[in-house]
Amino acid sequence: QVQLVESGGGLVQAGESLRLSCAASGRIFSINVWGWYRQAPGKQRELVAACTSGGSTNYADSVKGRFTISRDNAKNTVDLQMNSLKPEDTAVYSCAAEGFIPGQVRRYDWWGQGTQVTVSS
């Protein structure tokens with residue numbers, strides 16, 4: 001069984017920074033894509049940033065230039081560096097991974113439980 005565990009959330013003031021981390025553990029053959037999602041109260045979950053095993057990245061327009069996603073393939077971890085935070089960045093942030101386990105051809109999607117990020121004005 002594969003588990004994703006996030007860390008690094010908290011309460012900050014507008015303009016400050018936070019770094020979120022997510023670690024995958026368990027029987028993992030490979031993780032092809034990592035993603036960070038967020039969901040604010042009363043809003044739909046949205047993709048914030050994604051990163052492929054080859055290093056390609058994709059960001060939501062609202063965070064471009066402020067957030068940076070990075071991964072460590074050897075450690076099966078992904079980070080989200082969030083700079084110049086705004087009150088509208090307040091949400092529960094969850095990491096997700098798409099990958100494979102040894103001995104199976106089926107692709108799996110795994111999710112963390114989420115971590116709260118609150119930005120005060």
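The analysis underlying the following values was restricted to heavy atoms, covering all of them including side chains, and did not include hydrogens, waters or symmetry mates.
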- To the nearest 0.5 angstrom, please state how far the CH2 atom of Trp110 sits from the CD1 atom of Ile28. 5.5 Å

- Query: Are Leu18 and Val117 side-chain neighbours, meaning at least one heavy-atom pair lies under 4.5 Å?
  - Reply: yes

- Would you say Ile69 and Val78 make side-chain contact, with heavy atoms under 4.5 Å? yes

- Does the side chain of Thr77 come under 3.5 Å of the side chain of Asp72 through a donor N or O and an acceptor N or O? no

- Message: Any carboxylate oxygen within less than 4.0 angstrom of a Lys/Arg side-chain nitrogen, looking at Asp89 and Arg66?
- Response: yes

- Stepwise, does the side chain to side chain contact (heavy atoms under 4.5 Å, CB included) test hold for Met82 with Tyr93? CA-CA 11 Å; Met82 305 184 294; Tyr93 285 71; 3.9 Å; yes

- Mind running side chain to side chain contact (heavy atoms under 4.5 Å, CB included) on Glu16 and Ser120 for me, showing each step along the way? CA-CA 10 Å; Glu16 294 184 341; Ser120 63; over 6 Å; no

- Query: Out of curiosity, Tyr59 OH to Cys51 SG, how far, rounded to the nearest 0.5 Å?
  - Reply: 7.5 Å

- Test log, rule side chain to side chain contact (heavy atoms under 4.5 Å, CB included), inputs Val2 and Ile101: CA-CA 9 Å; Val2 174; Ile101 65 174; 4.2 Å; yes

- For the rings on Tyr37 and Trp111, is their centre-to-centre separation under 6.0 Å? yes

- Just by distance, with hydrogens left out, do Gln116 and Thr118 show a side-chain donor and acceptor under 3.5 Å apart? yes

- Message: For the residue pair Ser53 / Asn32, report whether a side-chain donor-acceptor contact shorter than 3.5 Å exists.
- Response: no

- Item | Pairs satisfying side-chain hydrogen bond (donor to acceptor under 3.5 Å, both in side chains), at least one member in residues 95-107, at least two apart | Gln104-Tyr108

- Query: Under 3.5 Å, side chain of Arg38 to main-chain N/O of Glu46, donor-acceptor pair present?
  - Reply: no

- Interatomic distance, CG@Leu20 vs CD@Gln81, rounded to 0.5 Å, equals 9.0 Å

Taking distance alone, no hydrogens or angles, what donor-acceptor pairs closer than 3.5 Å link side-chain atoms of residues 4-14 to residues at least two apart or in another chain?
unit_1, atom_1, unit_2, atom_2, d
Glu6, OE1, Gln113, N, 3.2
Glu6, OE1, Gly114, N, 2.9
Glu6, OE2, Cys95, N, 2.9
Glu6, OE2, Gly114, N, 3.1

- Distance col, row Arg45:CZ vs Ser94:OG, nearest 0.5 angstrom, shows 7.0 Å

- Task: Calculate, to the nearest 0.5 Å, the distance between atoms CG and CZ belonging to Leu85 and Phe67 respectively.
- Result: 5.0 Å

- Query: Any donor and acceptor pair, going by atom type alone, linking the side chain of Thr52 with main-chain N or O of Val33 inside 3.5 Å?
  - Reply: no

- Atom pair CD1 (Ile31) and CG (Asn76), whose distance is rounded to the nearest 0.5 Å: 4.0 Å

